[in-house]
Amino acid sequence: YLSFPLIDELFSDCRKMLSSGICTSTVQLPGKVALVTGANTGIGKETAKELAQRGARVYLACRDVQKGELVAREIQTVTGNEQVLVRKLDLSDTKSIRAFAEGFLTEEKHLHILINNAGVMMCPYSKTADGFEMHIGVNHLGHFLLTHLLLEKLKESAPSRIVNVSSLAHHLGRIHFHNLQGEKFYNASLAYCHSKLANILFTKELARRLKGSGVTAYSVHPGTVQSELVRHSSFMRCMWWLFSFCIKTPQQGAQTSLYCALTEGLEILNGKHFSDCHVAWVSAQARNETIARRLWDVSCDLLGLPMD
Ligand SMILES: NC(=O)C1=CN([C@@H]2O[C@H](COP(=O)(O)OP(=O)(O)OC[C@H]3O[C@@H](n4cnc5c(N)ncnc54)[C@H](OP(=O)(O)O)[C@@H]3O)[C@@H](O)[C@H]2O)C=CC1
Ligand SMILES: CC1=C(/C=C/C(C)=C/C=C/C(C)=C/C=O)C(C)(C)CCC1
C-alpha cells in the first residue's frame with residue numbers, strides 16, 4: 001500500500017468541500033438506549049460510535065456476531081463507553097428477527113433510538129429464508145418486522161425516534177405489487193432502488209400512524225459513501241475507487257442519520273426525508289399515500305402481522 005500524504009490531504013479537503021451536512025447537535029445521551037442494524041461496518045459503525053461517544057447504551061445488531069464483537073471492542077476503546085453490546089440479527093430470516101426482538105425486549109426496559117441502517121445492494125437474484133427477494137426482504141421487510149416488534153418499547157420510551165436509511169436511488173424505484181418478489185422480471189440495480197423507495201413509503205406511513213405517540217420517524221439519504229455496499233458489483237467498486245476523492249467517508253455518511261436521531265425540535269418534521277442534514281425532495285411515488293398504505297398492508301400480509 002502506497003501512501004502519498006499530500007494527495008491524501010488533497011482528497012480529504014476535496015471530500016470535506018463536497019460533503020455538506022454535519023450534525024451539529026450537542027445532545028448527550030446518558031441513560032438512553034440506541035439500536036443500530038448493520039453496525040459492524042460502514043455508515044452503521046460510525047453512527048453507533050457517535051451514539052456511544054454521547055453516552056448511550058448502544059446495541060450493534062449484526063448478522064455476524066464475531067465481526068460485531070471486534071467493532072464493539074473498538075468503539076469501547078475509542079469512546080470509553082463500556083455499554084456497547086452486540087446481538088445477533090439476520091434480517092434475511094424472520095426467525096432471527098423475532099428471536100432478536102424477543103431477547104431485546106426481555107433484557108431492555110427502554111429503546112429511544114432505532115436506526116434501521118443495514119442494507120444490501122445489487123445482489124444476484126436470491127431469496128431470504130422466508131422466500132422474499134433479497135433486497136425487498138432485507139432492506140424493507142426485515143426492518144418493517146423489526147420495527148413492528150419493537151414499537152411498543154419505543155412508545156413506552158417516548159420521546160423516541162426511528163431513522164430509516166434509504167437512498168437517492170429511490171428516485172429510480174417503483175413498487176410493482178404484481179412482481180414484489182422479482183419473480184416475473186429482475187434487475188439487481190432496480191431491485192435495490194425499489195427497496196429504497198419502500199423505505200421512504202414505510203417511513204411516511206409509520207409517521208402518519210405514530211402521530212401523537214411521541215415516536216417520530218425519518219428517512220435519510222446518507223450521500224455517496226465509501227463502504228462495503230458495492231461488494232456485489234465490480235463496476236460500482238471501480239467507480240467508488242476512481243471517484244474516491246469525492247465520495248464521503250462513512251463518518252460523513254453517518255451525519256444525516258445522527259442529525260435525525262439527535263436534533264432537538266425535529267418532531268415537527270415527522271415522516272420527512274433528509275439528505276445532508278436538510279429536508280430533501282422525494283419522488284412522486286414516494287409521496288403517494290395510496291401506495292404507502294397498500295405497501296403497509298401487503299407487508300403485514302407477507303409477514304403475518306395484523307393489519308390494524
Ligand atoms: N454507501 C452508500 O453510498 C450508500 C448507502 N446507503 C444505505 O446506507 C446503509 C448502510 O450501508 P453502507 O454502510 O454503505 O454499506 P455496508 O455494506 O458497509 O454495510 C451494510 C451493513 O448491513 C449489514 N447487513 C447486510 N445484510 C444483512 C442482513 N441480512 N442482516 C443483518 N445485517 C445485514 C452488513 O453486514 P455484513 O458486514 O455482515 O455484511 C453491514 O453491516 C444501507 O441501507 C444502504 O442502502 C444509501 C445510499 C448510499
Ligand atoms: C456519476 C458520478 C458518480 C456516481 C454516483 C453514483 C453511481 C451514485 C450511486 C449511489 C448509490 C447507489 C447510492 C446507494 O444507495 C460518482 C462516483 C459520485 C462520481 C461523480 C460522477
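These numbers come from the heavy atoms of this one structure, side chains and all, not from hydrogens, waters or symmetry mates. Whatever order the structure lists ligands and atoms in, that order sets their numbers, starting from 1.
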With Arg57, the salt bridge (charged side-chain N to carboxylate O under 4.0 Å, His left out) member among Glu107, Glu108, Glu82
Glu108

Taking NZ, NE, NH1 and NH2 as the nitrogens, is one of them in Glu183 or Lys127 under 4.0 Å from a carboxylate oxygen of the other?
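Looking at Lys127 together with Glu183, the answer is yes, because their closest N to O distance falls below 4.0 Å.
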
Quick test of your reading of the model: are Glu102 and Arg98 salt-bridged, counting only N-O distances below 4.0 Å?
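So Glu102 does not pair with Arg98 through a salt bridge.
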
Going by heavy atoms, is [X] under 4.0 Å from ligand 1?
X	value
Gln226	no
Lys196	yes
Cys62	no
Ser96	no

With nothing but distance in play, are any N or O atoms of Val225 less than 3.5 Å from an N or O of ligand 1?
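Yes.
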
Nitrogen or oxygen of Gly44 less than 3.5 angstrom from that of ligand 1
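In this structure, Gly44 places no N or O atom under 3.5 Å from an N or O of ligand 1.
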
So, does Asn117 use its side chain to make a donor-acceptor pair with the main chain of Val36 at under 3.5 Å?
no

Under 4.0 Å, heavy atoms only, figure out whether ligand 1 is touched by the backbone of Arg231, its side chain, both or neither.
side chain

When you look for heavy atoms under 4.0 Å from ligand 1, do you find them on the side chain of Met121, its backbone, both, or neither?
neither

Tell me, with the steps shown, if Trp240 and Thr224 meet side-chain contact (heavy atoms from CB on, under 4.5 Å).
CA-CA 9 Å; Trp240 256 228; Thr224 303; 3.3 Å; yes

Measure from NZ or CZ of Arg208 to the centre of the six-membered ring of Trp296, then state whether that distance is under 6.0 Å and the direction lies within 45° of the axis.
no

Here's one to test your reading of the geometry: is the NZ or CZ of Arg294 within 45 degrees of the ring axis of Phe177 and under 6.0 Å from its centre?
yes

If we number the atoms of ligand 1 from 1 as shown, the ones under 4.0 Å from a heavy atom of Thr224 are 3 (O)

